[in-house]
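Throughout, protein chains are lettered first and strands after them, A, B, ... in sequence-line order, and every chain is numbered starting at 1. As a basis for the values below, the full set of heavy atoms in this structure was taken, side chains included, without hydrogen atoms, waters or symmetry mates.
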Amino acid sequence: AQSVSQHNHHVILSEAASLELGCNYSYGGTVNLFWYVQYPGQHLQLLLKYFSGDPLVKGIKGFEAEFIKSKFSFNLRKPSVQWSDTAEYFCAVSMYSGGGADGLTFGKGTHLIIQP
Amino acid sequence: KAGVTQTPRYLIKTRGQQVTLSCSPISGHRSVSWYQQTPGQGLQFLFEYFSETQRNKGNFPGRFSGRQFSNSRSEMNVSTLELGDSALYLCASSLGGQGHTEAFFGQGTRLTVV
């Protein structure tokens, strides 16, 4: 079964610091890759996704992620974080076959706290 | 357009009872997936329905079941509730056809089993 690992469970940064959250997955076939964010009291929202093409994908709110196939990684980055980025971040993967994608396998999440 | 709607938002049930949760997908979305979120296990995939058929299934016991109606609305049922079933149950909808699609999540139903 595929698995998703997020390296950091808790991250504390100051405003304007740069952010990189690691994500590795175990499946060797074709995958769809996602980063979701859950702000306090809100539902999961999609930050960005990778299906194919340019491995550097840009999402909402200044986030980007790079797919490195050889490393089975999909790390999330933001050059300068804001207090409003405080949230739980989830990396998710689904296997893709010609018939469509499987359900999402999520990492355990990273709780990001931005200090003003 | 309206997002994914889950009802009820909160439920308290007693061990041994059964419960039904409801999910209305985004208009035009034909796929509905269900996930369980707990502090210990995180987010885990339960099953996915597309065009009234279960298309994918996670690794959960048979007490967890679901169905999808012709209007794409979905229900999830848990029978013989156990304390460990206490969790946030999330529903996600997507277009779901051939090809890559992204999932949109609802607010969830918080189930507490006492």
I'd like to verify something: which residue of A/K49, A/H43, A/Q45 has the highest number of heavy-atom pairs under 4.5 Å with chain B? A/H43
Are B/F105 and A/F90 close enough that their ring centres sit under 6.0 Å apart? no
In this structure, is the centre-to-centre distance between the rings of A/F51 and A/F34 below 6.0 Å? yes
Which region of [X], side chain (C-beta onward) or backbone (N, CA, C, O), has a non-hydrogen atom less than 4.5 Å from a non-hydrogen atom of chain A, or is it both or neither?
X: B/L46; result: neither
X: B/Y35; result: side chain
X: B/Q37; result: side chain
X: B/A103; result: both

A/L46 versus chain B, heavy atoms under 4.5 Å apart: side chain, backbone, both or neither? side chain
Is A/Q38 close to chain B through its backbone or its side chain, or both, or neither, when contacts mean heavy atoms under 4.5 Å? side chain
Of B/Q54, B/R67, B/Q68, B/R73, which is the lone residue that meets side chain to side chain donor-acceptor pair (under 3.5 Å) with B/Y49? B/Q54
For B/F47, is the NZ or CZ atom of B/K57 found under 6.0 angstrom from the centre of its six-membered ring and inside 45 degrees of the ring axis? no
Quick one: does any side-chain atom of B/Q41 pair with a main-chain N or O of B/T38 as donor and acceptor, under 3.5 Å? no
Less than 4.0 Å between a side-chain N and a carboxylate O, is that true for B/R63 and B/D85? yes
